[in-house]
Amino acid sequence: MKTPQLLVLLLTLLVHAGCGFPSDRERRDKHASWDDVNVVAHGLLQLGQGLKEHVDKTKAQMRDVSGKLKVLNGTAAELERRQQEQGEALKAQSKEAEERRRLLTELAEEVKAKVGEVARQTGDITSRMDRLEEVLAEPALDSNDSEHQRFSFIQRLMASQNRRIDQLVEKIQQQQDKLEKQNLHLQALQSKVAHKRVKSHRRRDEGTAQRVEARHNQAESGLPRDCHDLFARGQRASGVYTIQPENSQPFNALCQMTPDGGWTVIQRRQDGSQNFDQLWENYKKGFGSLEGEFWLGLDNIRSLSKQGRQVLQVELSDEVGQQQEARYNFQLDGEEKKFALHLQKDSSSGAQEQLLSADGLPFSTADRDNDLTADINCAELLSGGWWFSSCGESNLNGKYPRQPEQNRRLKFRRQAMFWTVTPGQSGSLRTTLLKIAPASRKQ
């Protein structure tokens, strides 16, 4: 009984199993549907990749547009500030012209009053003369002495009145001449104010165009602001690079890369190959070779200083190879203030020597005597251009000492480059290096 039941159960299972397997046609249809799904999935993946690339490109364009908008906003703020300054200057000039106009009006009223007074006096004199003529017209007695005395008195009175009239007429003429001169002066002032207004507007527009062009060129070129900016962008090799400070034209500079940042070298002396006895224009523009000895130029140093607080590092070595190093907070004024130098001791520097004894010293050359010594031109006496207070402080741009015996034969030994370390002592230098970097960099 059990065996037939088992056979029936097995047959049932086999039938169900056979029904569970799909036919060949169903299998082919199923494979075809999976191929379509794969094709659609592949297309969706390609579409997603294209959308991602488009989004990345759009983000880059938006960042570029945002940077240019920031530059334009800064330019607009600068324009507004310049317009306010020009408006204040024009208001002051207008106020001065108004004051002169008021003075001229008062002077004209005064002259008018004096003319009225002269007219009244003239009328009075005329009436007196009429009465005198009436008196003279009466018959006179030759034998009467009193009549003769009276006639003499009248003649003297008339002469006195005539002299007074002449004086009044002369005063009136002087007042009229003065009034005419004041009118001409006022016209000249008005013309000058109008000319200055046109000139200031033209200068403002040209300056704005130059600043916009410089910022646009810097934004387009992507040049670093200084050597430390180059360091921040990942450059670690020292050498000559092109930099462009804010609102300035690009120029080449020697960059010295150190572990704490990038330094822009502004002066280097090492072998005496470059003559540093130069005049004002050369010190302003710069001279020498960036591969050897050079002076970067006061204009270029000023453009770096305008970007914010700077640190100046001085590195020196003497005849025996002893090295000295000092660091200062550094700021340089523009040419309108004779490139005056401002130095303060930097607390991070171990050396405490003072490079210059006075703050705000102007730069001096042989043809621009700006030192603090009244009777001596220190630049002409010591050679080279420097920030001289007196002729005994320091001069790192003096003559390069060829040999020690040559220094002893010099008529004035301080013509060689020197640096006062302590009062009463100085070292004969062989190499100098001056370099600056932003004070905001990581120490």
(request) Specify the closest pair of heavy atoms between Thr373 and Cys391, including all atoms of both residues, with the distance to one decimal. (result) OG1-N, 4.1 Å
(request) Please examine the side chains of Tyr328 and Leu341, heavy atoms only from C-beta on, and report whether any two atoms are closer than 4.5 Å. (result) no
(message) Quick one, Arg269 and Leu396 - any side-chain contact, counting heavy atoms below 4.5 Å?
(response) no
(request) For Ser305 and Gln331, work out which heavy atoms get closest and say how close. (result) OG-CA, 3.7 Å
(request) Mark yes or no for whether Arg236, through its side chain, and Met257, through its backbone, hold a donor-acceptor pair below 3.5 Å. (result) no
(request) Drop me the distance from Ile436's CD1 to Arg309's CZ, to the nearest 0.5 angstrom. (result) 13.5 Å
(message) Taking the basic N atoms (NZ, or NE/NH1/NH2) and the acidic carboxylate oxygens, is any pair closer than 4.0 Å for Glu53 and Lys57?
(response) no
(request) Over all heavy atoms of both residues, which pair between Thr242 and Pro250 is shortest? Give the atoms and the distance, please. (result) CG2-CB, 4.0 Å
(request) Side-chain contact test, heavy atoms from C-beta onward, threshold under 4.5 Å: evaluate it for Lys337 versus Pro362 and give yes or no. (result) no
(request) Give a yes or no answer on whether the side chain of Arg302 reaches the backbone of Gly297 with a donor-acceptor pair at less than 3.5 Å. (result) no
(request) Determine whether Asn300 and Thr264 make a side-chain contact, defined as any pair of heavy atoms from C-beta on separated by less than 4.5 Å. (result) no
(request) Decide, yes or no, whether a salt bridge links Arg82 with Glu78 under the criterion of side-chain N to carboxylate O below 4.0 Å. (result) yes
(request) Kindly check if the number of other-residue, nucleotide or ligand heavy atoms within 6.0 Å of NZ (Lys306) is above 12? (result) yes
(request) For the pair Phe287 and Phe276, name the ring-plane relationship: parallel under 30°, tilted 30 to 60°, perpendicular over 60°. (result) perpendicular
(message) Any heavy-atom pair between the side chains of Trp295 and Gln267 that's under 4.5 Å?
(response) yes
(message) Quick check: do Trp387 and Leu343 have side-chain heavy atoms less than 4.5 Å from each other?
(response) no
(request) Give a yes or no on whether the backbone of Pro401 and the side-chain of Arg430 come within a donor-acceptor separation of less than 3.5 Å. (result) yes
(message) Ignoring hydrogens, what is the shortest heavy-atom contact between Cys227 and Leu254? Give both atom names and the distance.
(response) SG-O, 4.0 Å
(message) Under a 3.5 Å distance rule, please check whether Gln249 uses its side chain to pair with a backbone N or O of Phe251 as donor and acceptor.
(response) no
(message) Please find the pair of heavy atoms, one from Cys378 and one from Asp371, that lie closest to each other, and give the distance.
(response) N-OD2, 3.0 Å
(request) Examine distances only and state if a side-chain atom of Tyr400 and a backbone atom of Asn275 form a donor-acceptor pair shorter than 3.5 Å. (result) no
(message) Would you say that Ser394 contacts Trp386 through its side chain, given a criterion of any heavy-atom pair below 4.5 Å between the two side chains?
(response) yes
(request) Please lay out, stage by stage, how His342 and Asn329 fare under the test side-chain hydrogen bond (donor to acceptor under 3.5 Å, both in side chains). (result) CA-CA 8 Å; His342 303 273; Asn329 291 321; over 6 Å; no
(message) When you measure from the side chain of Thr75 to the backbone of Val71, do you find a donor-acceptor pair of N or O atoms at a distance under 3.5 Å?
(response) yes
(request) Find the distance between CG (Asp229) and CD (Gln307) and round it off to the nearest 0.5 Å. (result) 8.5 Å
(message) Tell me if a side-chain donor or acceptor on Asn377 pairs with a main-chain N or O of Ala366 at a distance below 3.5 Å.
(response) yes
(message) Going by side chain to side chain contact (heavy atoms under 4.5 Å, CB included), Phe330 matches just one of Leu312, Leu304, Leu434. Which one?
(response) Leu312
(message) Please check this pair: side chain of Gln270 against backbone of Glu293, looking for a donor-acceptor N/O pair closer than 3.5 Å.
(response) no
(message) Treating Asn395 as the side-chain partner and Ser383 as the backbone partner, does any N or O pair qualify as donor plus acceptor under 3.5 Å?
(response) yes
(request) Report the C-alpha distance between Gln323 and Glu315 in whole Å, list the side-chain angles of each, state the deciding distance to 0.1 Å, and finish with yes or no for side-chain hydrogen bond (donor to acceptor under 3.5 Å, both in side chains). (result) CA-CA 7 Å; Gln323 296 183 350; Glu315 299 177 1; over 6 Å; no
(request) Answer whether the closest heavy-atom distance between the side chains of Phe339 and Lys284 falls below 4.5 Å. (result) yes
(message) Using a 3.5 Å distance criterion without hydrogens, assess whether the side chain of Ser248 forms a donor-acceptor pair with backbone atoms of Gln244.
(response) no
(request) Enter the distance from Ile301:CD1 to Ile266:CD1 here, rounded to the nearest 0.5 Å. (result) 4.0 Å
(request) Measure the spacing between OG of Ser440 and CD of Gln310 and express it to the nearest 0.5 Å. (result) 8.0 Å
(message) Determine whether Phe363 and Leu332 satisfy the following criterion, side-chain contact (heavy atoms from CB on, under 4.5 Å), listing intermediate values before the conclusion.
(response) CA-CA 10 Å; Phe363 196 83; Leu332 186 68; over 6 Å; no
(message) Just verifying a value: how many Å separate Asp367 CG and Trp280 CH2, rounded to the nearest 0.5 Å?
(response) 8.5 Å
(request) Decide salt bridge (Lys or Arg N to Asp or Glu O under 4.0 Å) for Arg102 and Glu98; before the verdict, give the C-alpha distance in whole Å, the side-chain angles of both, and the deciding distance to 0.1 Å. (result) CA-CA 6 Å; Arg102 185 183 62 81; Glu98 185 65 27; over 6 Å; no
(message) Let me confirm one number: the CG-CG distance from Leu296 to Asp299, rounded to the nearest 0.5 Å.
(response) 10.0 Å
(message) Under 4.0 Å between a side-chain nitrogen and a carboxylate oxygen: does that hold for Lys95 and Glu99?
(response) no
(request) Quick one: closest heavy-atom pair of Phe388 and Ser364, and the distance? (result) CD1-CB, 4.0 Å
